[in-house]
Structures are given as C-alpha cells and as structure tokens.
Amino acid sequence: MLNLLLQIQGGAGFTLIEMAIFLGVLIIGLLYVWKSGDISWIKPTHQKPTVPVGIPSSAYEDLNSRKYEVRDFREQEIQEVLAEKAASPVKMGFKPKFKKPNSES
C-alpha cells in the first residue's frame with residue numbers, strides 16, 4: 001500500500017503522506033490546547049455603548065426628521081467655479097532661491 005502511494009505520479013504520494021502527518025500534528029496540538037482549557041469558545045455579550053451627554057434625545061430626533069435641501073450642481077455652475085479659480089492668481093507659499101554656480105574659467 002505504501003509503495004503504491006509512493007509511486008503515484010512520481011512522488012505525489014510522499015507529498016500526501018507528509019501533508020497528512022503535518023495536519024495530524026496540528027490537530028493533536030489543537031486538541032491538547034483545547035483540553036487544557038487555554039481556548040475559550042464563550043462568545044462575548046454585546047452591549048450598546050452609552051455616553052452620558054446633556055443633549056436631549058428630542059434634539060437628535062429633530063435633526064434626523066428634517067428634510068434637507070440638496071443643491072443641484074449643473075454643468076454651468078461647475079464651469080463658473082472653475083473660471084473663478086482660473087482667474088485668481090496662485091500665490092506661492094515660498095520663494096525659491098537658486099545659487100549661481102561658481103564660474104571658473
């Protein structure tokens with residue numbers, strides 16, 4: 001049986017046996033840690049976080065129930081904004097200083 005596995009596709013059987021041994025070692029290690037009680041499978045209880053603030057909940061409800069106007073940006077408005085930005089001069093944050101190379105002839 002072992003010879004048959006070793007001859008499958010030029011040594012692929014040896015790879016399968018080696019992989020099975022590796023997985024076996026991992027499973028035995030997992031079982032050991034589980035039995036010793038180092039792994040806890042208890043799920044935490046979820047609690048909704050609360051923060052004590054002086055803002056009444058009616059203020060939040062008022063903000064959430066309002067209908068807010070959404071501005072419609074049309075192509076013309078975008079072009080106007082771009083034209084305004086292009087017309088304003090760009091100010092540099094610094095003025096670079098270049099040193100002239102020493103000319104020795």
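Here the structure is a predicted model, which means the values were calculated and not measured. Note: hydrogens, waters and symmetry copies are ignored here, and every other heavy atom, side chains too, is used.
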Locate the shortest heavy-atom distance separating Ala59 from Ile55; write the atom from each residue and the value.
CB-CG2, 3.9 Å

Contact summary for Asp62 and Ser65, nearest pair of heavy atoms:
O-OG, 3.2 Å

In this structure, OH of Tyr32 is separated from CD1 of Ile39 (nearest 0.5 Å) by 12.0 Å

For Ser58, enumerate each residue passing the side-chain hydrogen bond (donor to acceptor under 3.5 Å, both in side chains) test, keeping only those at least two apart in sequence or located in another chain.
none

Please list, chain by chain and in numerical order, all residues satisfying side chain to side chain contact (heavy atoms under 4.5 Å, CB included) with Leu63, sequence neighbours excluded.
Arg66, Tyr68

Find out if a path of hydrophobic residues (ILVMFWY) with successive side-chain heavy-atom gaps under 4.5 Å connects Ile28 to Leu31.
no

To which residues is Val25 joined in a hydrophobic cluster, defined by side-chain heavy-atom contacts under 4.5 Å among Ile, Leu, Val, Met, Phe, Trp and Tyr, whether direct or through other members?
none

